[in-house]
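Okay, structure first, notes after.
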Amino acid sequence: MADDLYSNAVLRLAADVPRVGRLPRPQASVRKVSRLCGSEVEVDLVMQNGRVADLALRVKACALGQASASIMARQVIGASAQELALARDSLLAMLKQGKPSPRGRFGELSVLEGARAYPARHQSVMLAFEAVCEAARQVGGSTAKATEPTG
């Protein structure tokens, strides 16, 4: 695979996923599994005043899925459900439609642009964002479903 797919930035992020573990009293817990590759992400979430107050996750994924989860976990505290949904939808559009990478707090997702050419990897890249958006929805935030299925 191309060097841009598993760049040093992607490998560095994949090797250092923060917030790994479980929360003692999550308001929502969501597990997502890729039917295509078997990658798996589980998210525990607590929200206060419509924003993420705490998050813990467990990730069993390829380097791309781990890097995506790492970026999400680094930037998620303080994000609203709407910001999470925008990041998820922008990430999906970047992968599937060649649109620009997400901006703002999740702008680092641009390191995953190389995955565009590898549709079999898209679902793994999306898992952490799909899981956190579903968890936010369960808590009561509004996160509309992505416009295109991820797998």
Side-chain angles (χ1 to χ4, degrees), residues 4-34 39-116 121-151:
D4 61 339
L5 185 59
Y6 292 107
S7 68
N8 286 336
V10 167
L11 295 175
R12 188 173 53 254
L13 287 162
D16 188 22
V17 180
R19 304 186 149 298
V20 173
R22 301 291 316 245
L23 294 180
R25 289 188 204 108
Q27 292 171 316
S29 293
V30 172
R31 180 175 174 261
K32 294 284 185 177
V33 178
S34 168
S39 291
E40 161 180 340
V41 173
E42 195 168 2
V43 169
D44 290 345
L45 185 71
V46 173
M47 294 187 76
Q48 288 181 328
N49 301 318
R51 298 199 173 268
V52 175
D54 204 0
L55 173 125
L57 73 162
R58 286 144 321 280
V59 182
K60 295 179 185 174
C62 66
L64 297 170
Q66 286 181 208
S68 178
S70 181
I71 293 166
M72 185 275 294
R74 289 170 198 283
Q75 301 300 325
V76 73
I77 301 301
S80 68
Q82 291 76 19
E83 285 177 284
L84 296 171
L86 179 60
R88 176 202 57 205
D89 294 347
S90 296
L91 178 58
L92 182 62
M94 178 188 84
L95 293 172
K96 299 277 188 189
Q97 301 166 4
K99 301 280 185 177
S101 63
R103 294 193 168 85
R105 77 167 65 222
F106 298 105
E108 194 173 10
L109 288 167
S110 64
V111 302
L112 298 169
E113 285 178 326
R116 278 185 187 140
R121 301 287 191 243
H122 293 180
Q123 194 172 32
S124 182
V125 171
M126 294 299 303
L127 281 179
F129 282 89
E130 293 287 350
V132 76
C133 285
E134 174 63 20
R137 188 196 63 72
Q138 287 181 14
V139 173
S142 174
T143 59
K145 211 52 182 144
T147 56
E148 184 176 329
T150 58

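Contact annotation: the side chain of Arg51 approaches that of Glu83 to within less than 4.5 Å [non-hydrogen atoms, C-beta and beyond]. Two residues are said to be in side-chain contact when any heavy atoms from C-beta on lie closer than 4.5 Å; Val20 and Val59 fail this criterion. Leu5 has its side chain out of reach of Val10: every pair of non-hydrogen atoms, C-beta onward, lies at least 4.5 Å apart. Looking at Val41 and Ser68, their side chains never come closer than 4.5 Å, going by heavy atoms from C-beta outward. Residues Arg58 and Asp44 are in side-chain contact: their nearest non-hydrogen atoms beyond the backbone lie under 4.5 Å apart. At least one side-chain heavy atom of Asp54 sits less than 4.5 Å from a side-chain heavy atom of Arg19. Between Gln27 and Gln138 there is no side-chain heavy-atom pair separated by less than 4.5 Å. The closest side-chain heavy-atom distance from Phe129 to Asp89 is not below 4.5 Å.
Taken from CZ in Arg22 to CD in Glu42, the straight-line distance is 5.0 Å, to the nearest 0.5 Å. Note: Ile71 CD1 to Leu91 CG = 8.5 Å, rounded to the nearest 0.5 Å. Remark: Lys32 NZ to Ser39 OG distance equals 14.0 Å, nearest 0.5 Å. In this structure, Leu64 CG and Leu127 CG are separated by 11.5 Å, a value rounded to the nearest 0.5 Å. Separation of atoms CD (Gln97) and CZ (Arg116) is listed at 10.5 Å; rounding is to 0.5 Å. Taken from OG in Ser34 to CD in Glu40, the straight-line distance is 10.5 Å, to the nearest 0.5 Å.
In terms of heavy atoms, Glu113 sits closest to Ser101 at OE2-CB, 3.8 Å. Across Arg88 and Cys133, no two heavy atoms sit closer than the pair NH1-CB, 3.4 Å. Between Arg121 and Cys62, the closest heavy-atom pair is CD-SG, 4.4 Å. Of all heavy-atom pairs spanning Leu11 and Ala63, the tightest one is CD2-CB, 4.1 Å. In this structure, Leu55 and Met72 approach most closely via the heavy-atom pair CD1-SD, 4.1 Å. Here the shortest heavy-atom pairing between Val46 and Pro26 reads CG2-CA, 4.0 Å.
Counting heavy atoms of neighbouring residues, nucleotides and ligands inside a 6.0 Å radius, atom CZ of Arg103 does not exceed 12 of them.
Panel note: side chain Arg105, backbone Ile77; a donor-acceptor pair is recorded below 3.5 Å.
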